[in-house]
Amino acid sequence: MHSVTKYLAGHSDVVLGAAVTDDPDLRAALHGYRAQHGAIAGPSEVWLALRGLRTLALRVERSQATAALLAGRLAEHPAVAQVRHPSLPGDPGHERASRLMRGYGSIVGLRPVGGCEGADALVAAVRLWVPATSLGGVESSLERRRRFATESPTVPEDLLRLSVGIEDPEDLWADLDQALRTLL
Ligand SMILES: *Cc1c(COP(=O)(O)O)cnc(C)c1O
């Protein structure tokens with residue numbers, strides 16, 4: 001089962017999922033169920049998803065390279081309390097990700113100085129990054145997840161989830177840096 005909504009479609013304009021199998025019997029059963037029950041994806045959404053898929057490899061390559069670059073710089077920033085990205089040698093996920101993955105992904109966890117107020121101030125101060133719930137799109141976004149009461153209490157209150165897109169890496173850094181400096 002895949003969420004097509006995120007990286008596969010990649011442009012934050014589709015809500016869609018895909019069930020994928022290499023088992024012909026299972027495929028026939030799924031196909032039969034869909035044909036008989038009629039719940040098919042909208043043609044426009046599928047068209048957008050197919051367009052997005054054509055650039056999936058390029059988008060993932062670029063966004064995860066930028067995420068690693070930003071994570072490394074954030075780790076050195078005086079307005080950052082903690083940064084999480086498996087590309088960082090000290091990260092708890094680094095060893096496992098290095099062994100199992102071909103890249104380190106495009107999601108960065110960031111805890112700025114100043115707790116929740118610092119995090120909310122950072123979200124308010126960015127100009128290029130979009131405050132938004134979605135992730136995996138061409139545009140970079142960020143959100144403090146714990147502002148939702150339904151979010152798991154295991155997520156730190158002041159944690160910002162950054163989804164790195166495909167914009168110019170230096171533009172993304174300049175915007176984060178100017179926003180972080182407002183916290184000092
Ligand atoms: C991820 C997401 C959903 C859920 O999509 P799934 O395909 O179930 O992952 C819905 N709305 C938004 C804005 C999302 O980012």
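Side chains are part of it too, since the values below use all heavy atoms of this structure and drop only hydrogens, waters and symmetry mates.
Counting Ile, Leu, Val, Met, Phe, Trp and Tyr side chains that sit under 4.5 Å apart, directly or through other members, Val155 shares a hydrophobic cluster with Leu159. Hydrophobic side-chain contacts under 4.5 Å tie Val80 into a cluster, directly or through other members, with Leu70, Leu74, Val83, Leu88, Val108, Leu110, Val113, Leu122, Val123, Val126, Leu128, Trp129, Leu142, Leu160, Leu162, Val164, Leu172, Trp173, Leu176, Leu180, Leu183.
Applying the ring pair (Phe, Tyr, Trp, His ring centres under 6.0 Å) test to pairs two or more places apart or on separate chains, none has a residue in residues 143-172. Under the ring pair (Phe, Tyr, Trp, His ring centres under 6.0 Å) criterion, the residue pairs touching residues 89-113 are His94-Tyr104, with sequence neighbours excluded. The side chain to side chain donor-acceptor pair (under 3.5 Å) analysis of residues 41-53, with sequence neighbours excluded, yields no pairs. A side chain to side chain donor-acceptor pair (under 3.5 Å) check over residues 74-91, counting only residues at least two apart or in different chains, returns the pairs His77-Asp177, Gln82-Arg111, Arg84-Asp91, His85-Ser87.
For Ile40, the side chain to side chain contact (heavy atoms under 4.5 Å, CB included) partners are Arg34, not counting sequence neighbours. Partners of Tyr7 according to the ring-ring contact (aromatic ring centres under 6.0 Å, His included) rule, which considers only residues two or more places apart in sequence or in another chain, do not exist here. The ring-ring contact (aromatic ring centres under 6.0 Å, His included) search around His37 returns Tyr33, not counting sequence neighbours. Residues forming a ring-ring contact (aromatic ring centres under 6.0 Å, His included) with His11 (at least two apart in sequence, or on another chain): none. Considering only residues two or more places apart in sequence or on other chains, Gln178 meets the side-chain hydrogen bond (donor to acceptor under 3.5 Å, both in side chains) condition with Asp175.
Criterion: ILVMFWY side-chain heavy atoms under 4.5 Å apart, direct or through other members. Under it, Val138 and Val60 are not part of a common hydrophobic cluster.
Taking CZ of Arg62 as the start and CD of Glu167 as the end, the distance is 8.5 Å to the nearest 0.5 Å. The CD atom of Glu117 sits 11.5 Å away from the CG atom of Asp158 when rounded to the nearest 0.5 Å. Note that the CD atom of Gln64 and the CD1 atom of Ile166 stand 13.5 Å from one another [nearest 0.5 Å].
In Glu151, the CD atom is crowded: over 12 heavy atoms of neighbouring residues, nucleotides or ligands sit closer than 6.0 Å.
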Side-chain donor-acceptor distances from residues 14-29 under 3.5 Å, at least two apart:
unit_1	atom_1	unit_2	atom_2	d
Thr21	OG1	Asp23	N	2.9
Asp23	OD1	Asp25	N	2.9
Asp23	OD1	Leu26	N	3.2

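Taking both residues in full, the closest heavy atoms of Gly52 and Arg59 are given as O-NH2, 2.7 Å, listed atom of the first, atom of the second, then distance.
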